[in-house]
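Below is one structure, written out as structure tokens, with a few remarks after it.
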Amino acid sequence: MAVTRDDVAHIAGLARLAISDERMTELVGQLNAILAHMEVLRQVDTRHVEMTAQDGSQRLPMRPDAGPPIAMHRALDEIAPDMRDGFFLVPRLATHEDVSDAS
Amino acid sequence: MTGPTAVESVTASFARMEAVRAGADGLNCVLWSDRERAPLAGYPVAVKDNIATLDLPTTCGSRILEGYVSPYEATVVSRLRAAGSVVLCKTNCDEFAMGSSNENSAYGPVRNPIDPCRVPGGSSGGSAAAVAAGIVRIALGSETGGSVRQPAAFCGVVGVKPTYGRVSRFGLVAFASSLDQVGVLGRTVDDAALGMEVIAGRDPYDSTSADRPVPRYRDAASQPMRGLTIGRPAEYFPPSLDRRVAALCDRALDALRSQGAQVRDISLPHTDLAIPVYYIIAPAEASSNLARFDGVRYGLRVTGDDGLRAMYERTRSRGFGPEVTRRVLLGTYVLSAGYYDAYYKKAQEVRACITEDFRSAFASGIDVIFTPTTPSPAFELGAKSDPYEMYLNDIFTCTGNLAGVPGISVPIGRVDGLPIGGQLITRHFDEAGMFAAAYALERALGDEAHR
Amino acid sequence: MTSLRDAPADVTARYEMVVGLEVHVQLRTHTKAFCSCDTTYGAPPNVNTCPVCLALPGALPALNREAVHLAMRAAHALGCTVNPVSVFARKNYFYPDLPKGYQISQYDRPLALGGRLDIGDGDAARTVGITRVHMEEDAGKSIHDRYPGATAIDLNRAGVPLIEIVSEPDMRSSPDAVAYLTALKQILEYIDVSDVSMEEGSLRVDANVSARLLGATALGTKTEVKNMNSFSGVQRALEAEFERQCALLERGERVHQQTMLWDGARNEVRPARSKEASHDYRYFPEPDLPPLVLDPQWIDEVRRELPELPRVRRARFAREYGLAGADVGVLTATPALADYFEAAAKAHGDAKAAANWVMGEVLAALNTSSNSVKTFRVPPASLARLLDLVREGVVSHSAAKRVFALMAETGDTPERVAEREGLVQVRDADELARWVDEVLAEHPAEAGRFRAGEKKLLGVLVGLVMKKSKGRADPRRVNQLLSERAGG
Ligand SMILES: [Mg+2]
Ligand SMILES: [Zn+2]
């Protein structure tokens with residue numbers, strides 16, 4: 001399976017990474033080289049493998065429905081890039097249905 | 001971008017130690033005299049920069065978290081403090097722990113204290129170097145594919161990766177959640193055992209941490225090797241292995257025999273598939289774990305006047321270095337529609353085969369598996385430019401992360417003056433057995449370990 | 001943009017609507033699904049947040065046991081089979097109110113599968129299959145109109161536990177969909193797992209809609225309709241989308257699989273997202289959460305602790321109390337009202353009288369005040385006591401309504417109110433006789449005609465006596481006395 005430039009552009013979009021044209025060429029080459037090494041897995045017969053949990057004893061613990069939450073030792077506006085009136089602000093999404101912003 | 005200069009770092013560290021000394025009298029009565037309750041009293045420790053600390057920045061070696069100071073603290077750090085130790089400094093690492101040479105930090109590379117032209121290994125290179133340079137006796141690192149054991153081997157110190165679930169990951173900035181574990185680097189096996197005793201154990205904030213009692217690992221110091229069987233997996237000693245490394249391994253196995261152990265040849269047949277499996281699963285999980293770095297709530301934000309999507313893309317492209325970008329893309333690809341079964345699902349199935357390799361080896365009467373930690377000693381900075389060649393550094397260690405079994409790297413000698421590590425692997429949650437073997441190896445080799 | 005106005009009204013006549021619904025329900029827990037933050041609605045922005053729900057670097061989820069309990073309860077109530085092992089998965093997408101960049105949800109191994117919900121009554125009764133019930137976490141809130149050029153993010157809701165209830169495409173009309181939602185909401189209220197309020201966002205509905213020629217068996221291409229905020233909005237949105245699809249098909253065009261947004265103000269649906277951005281959520285098992293393994297005993301226990309569900313209760317009310325279907329429907333609308341009725345009926349003994357009072361006076365009083373049944377000032381025992389007094393003739397039927405109104409106002413017992421207001425019926429023979437004789441004396445003409453046999457004057461005279469007694473006379477006794485006078 002070879003990865004094309006379009007594939008990389010597509011996954012870069014999904015991953016919200018902007019890739020320059022020169023970088024793109026380099027990345028397509030590198031990803032293909034790496035993925036070529038993965039081809040060996042295709043040959044492995046895994047039909048007998050049972051995909052149960054790694055260790056049968058591992059099960060999800062559950063916590064009681066009570067506080068307190070984990071404490072915050074620093075106010076949000078000390079770590080947030082842009083806050084107003086307690087809200088995080090981001091550049092305006094036109095609306096919920098914005099075609100390019102919603103994924 | 002560069003980090004603080006060495007002088008600045010040392011000055012800051014001394015200032016922190018001074019501050020501790022100022023409060024030491026008070027601590028002395030309540031904590032420092034009580035070695036049981038505060039086994040690390042007075043120990044300065046270094047903490048890898050991908051572990052959240054309240055009073056020092058946590059940058060993960062990334063621009064995207066430059067200057068970020070966590071509003072909460074990792075469980076392992078709280079446990080270190082509760083044991084009386086002082087977090088002296090944070091240590092540089094490969095960006096988001098992605099790397100095997102510590103050249104992938106936004107704040108510049110770390111150099112190997114044994115030979116500054118060479119890399120310290122990675123991604124916990126800073127922690128390994130801090131221990132090797134004698135700045136601290138104990139440092140925390142983190143493992144995803146060998147990031148504690150490999151730099152420990154390169155720097156001639158001891159490095160432990162516990163069983164998956166043995167130590168809380170709460171506060172460890174996630175790289176690949178199903179593989180990540182906090183590990184300990186120490187000058188000696190005893191240092192590492194002590195550190196592990198302090199940080200191990202169930203944490204309700206980490207749903208993958210195991211609810212099992214934590215033995216006193218230092219009690220393993222005097223445990224005899226008599227009657228124990230060491231497995232020597234053929235796949236970790238390929239004909240291509242550097243002869244000098246192989247010779248040091250033979251010497252180490254002889255040393256273990258001298259302590260009463262038997263050595264048996266075994267096979268872990270899926271070993272050569274580990275790197276492909278690892279480099280599917282780890283980037284896949286990473287692509288998801290790193291989605292939170294979006295410039296909305298914390299960390300770097302780069303905006304223009306062209307909306308939210310552009311902010312995301314600018315922030316992440318500016319914030320992440322080339323290796324992180326490469327892995328996020330790779331991980332996104334193997335999870336994306338149409339490729340999941342061929343890559344991610346297949347990798348999980350082969351991962352189960354690798355786990356089964358270990359299980360059946362231990363079931364066949366093997367108590368400890370011995371391998372070289374790395375195929376070769378520390379290389380020079382800039383020596384490896386091909387990503388996949390770099391990935392092969394993890395070839396003997398990432399199996400342990402995939403299977404979840406514990407492993408320790410112990411110095412077993414030098415090649416051209418450069419340290420070589422030997423790795424001891426045991427069953428899930430048998431860190432005590434692993435430490436017993438490590439103590440025995442260290443004891444038997446004596447000074448040879450550093451020659 | 002296509003609105004239903006573009007389509008001729010009869011274009012739909014040859015087509016059948018096929019609907020499946022995905023309903024998100026907020027579970028009523030004290031704390032969030034994966035952290036211990038408060039879930040209280042209406043707190044100042046981002047106050048109910050912590051390292052976990054802010055997705056700070058290094059934070060990890062820890063599952064709330066009560067969320068699992070409530071989710072299981074709902075699954076059982078919908079007749080689903082709860083899986084002893086289910087798996088949380090990550091649904092990856094970028095949105096500023098989704099802090100981690102993924103939603104923790106369940107994907108190929110959900111909590112529960114294969115249930116059913118009976119909807120409608122009589123000839124309209126039908127069964128809708130429930131495909132699955134799974135657990136997930138809510139996102140935060142994006143506010144687009146508060147600051148110019150900026151979207152404001154509030155993460156108080158991020159991480160609140162939800163269940164998603166997915167139905168089979170078994171509904172054939174928009175009223176079907178509303179009947180399904182009504183029945184679902186009622187069940188969720190009965191089992192007390194959620195506030196189920198569309199206004200507060202604790203119940204949200206997405207619809208999958210397709211159209212096909214009548215008689216066709218294959219399903220047409222479906223679209224997903226979102227953004228409805230009331231049941232009537234769901235109904236209108238489905239109709240608008242159905243008409244849009246029918247018009248397309250009628251013109252020989254294809255329906256594109258896409259998401260449509262309902263605009264209630266304009267009464268139209270419009271496409272939400274381009275095809276290019278087709279979702280690729282890159283689901284994979286959540287590595288921070290091992291499989292959810294449920295003890296079979298616990299699964300069983302939760303099933304056994306389920307209260308009586310609406311359908312069973314309706315049947316029992318009809319059987320035990322001999323009530324008509326429509327009355328049963330009214331009385332079982334909410335579990336609180338049904339409990340109220342049943343307590344009053346049991347205490348009083350005459351279920352029909354209790355039913356009439358609950359459907360009449362009680363509901364009227366609840367409607368005019370903002371009270372809920374639970375905080376209503378007339379407890380069922382007091383209502384029963386009032387009905388006892390009516391039956392015993394201590395309070396007249398008409399006086400009882402006034403007594404009830406005052407009880408609702410003051411919270412007093414019926415005895416105290418009747419006493420205080422002088423509404424206790426007078427049955428003392430001497431006093432009644434005196435009132436009767438006085439009325440006859442004051443109205444000699446009528447009295448004469450009455451005695452002469454003009455029986456229709458009886459009513460007039462009773463009324464006069466009641467007036468004189470200020471309503472306290474027992475009308476039956478007055479009747480009796482007057483008849484005696486006529487005969488004597
Ligand atoms: Mg959902
Ligand atoms: Zn929280």
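Lettering of chains follows the sequences in order, A, B, ..., and the numbering in each one begins at 1. The basis for the numbers below is simple: all heavy atoms, side chains too, and nothing from hydrogens, waters or symmetry mates. Computed from a predicted model, the values in this text were never measured in an experiment.
- Under a 4.0 Å N-O distance rule, the pair C/Asp138/C/Arg204 qualifies as a salt bridge.
- Residue B/Ser288 touches chain C through both its backbone and its side chain, counting heavy-atom pairs closer than 4.5 Å.
- Heavy atoms closer than 4.5 Å to chain C are found in the side chain of B/Tyr340, but not in its backbone.
- For B/Thr58, no part lies under 4.5 angstrom from a heavy atom of chain C.
- Of all the listed residues (B/Asn289, B/Leu290, B/Val334, B/Val296), the one sharing the greatest number of non-hydrogen pairs under 4.5 Å with chain C is B/Asn289.
- Contact check on C/Asp38 versus C/Lys32 returns no salt bridge, with no Lys/Arg side-chain nitrogen under 4.0 Å from an Asp/Glu carboxylate oxygen.
- Under a 4.0 Å N-O distance rule, the pair B/Asp211/B/Arg202 does not qualify as a salt bridge.
- Using a 4.5 Å cut-off between heavy atoms, C/Tyr283 contacts chain B through its backbone alone, with no side-chain atom that close.
- Here C/Pro287 is the residue among C/Pro287, C/Pro290, C/Pro61, C/Gly101 with the most heavy-atom pairs under 4.5 Å with chain B.
- With a 4.5 angstrom heavy-atom cutoff, C/Tyr102 touches chain B only via side-chain atoms.
- For the pair C/Lys226 and C/Glu224, the salt-bridge criterion is met [side-chain N within less than 4.0 Å of a carboxylate O].
- With a 4.5 angstrom heavy-atom cutoff, B/Leu65 touches chain C only via side-chain atoms.
- The aromatic rings of B/Phe293 and B/Tyr298 stand perpendicular to each other, their planes meeting at an angle above 60°, with 30° marking the opposite boundary.
- With a threshold of 4.5 angstrom between heavy atoms, B/Phe96 does not approach chain C through any atom at all.
- Aromatic pair C/Phe88/C/Tyr107: ring centres not closer than 6.0 Å.
- Looking at B/Asp180, neither its backbone nor its side chain comes within 4.5 Å of chain C, counting heavy atoms on both sides.
- Using a 4.5 Å cut-off between heavy atoms, B/Ala74 does not touch chain C at all.
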Quiz item: Yes or no on side chain to side chain donor-acceptor pair (under 3.5 Å) for C/Glu136 and C/His134, after CA distance, side-chain angles and deciding distance?
Solution: CA-CA 7 Å; C/Glu136 58 185 33; C/His134 73 244; 2.9 Å; yes
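- Judged by distance alone, with hydrogens and angles left aside, the side-chain atoms of B/Arg326 form no donor-acceptor pair with the main-chain N or O of B/Val324 at under 3.5 Å.
- No other option in C/Leu155, C/Leu54, C/Leu98 has as many heavy-atom pairs under 4.5 Å with chain B as C/Leu54.
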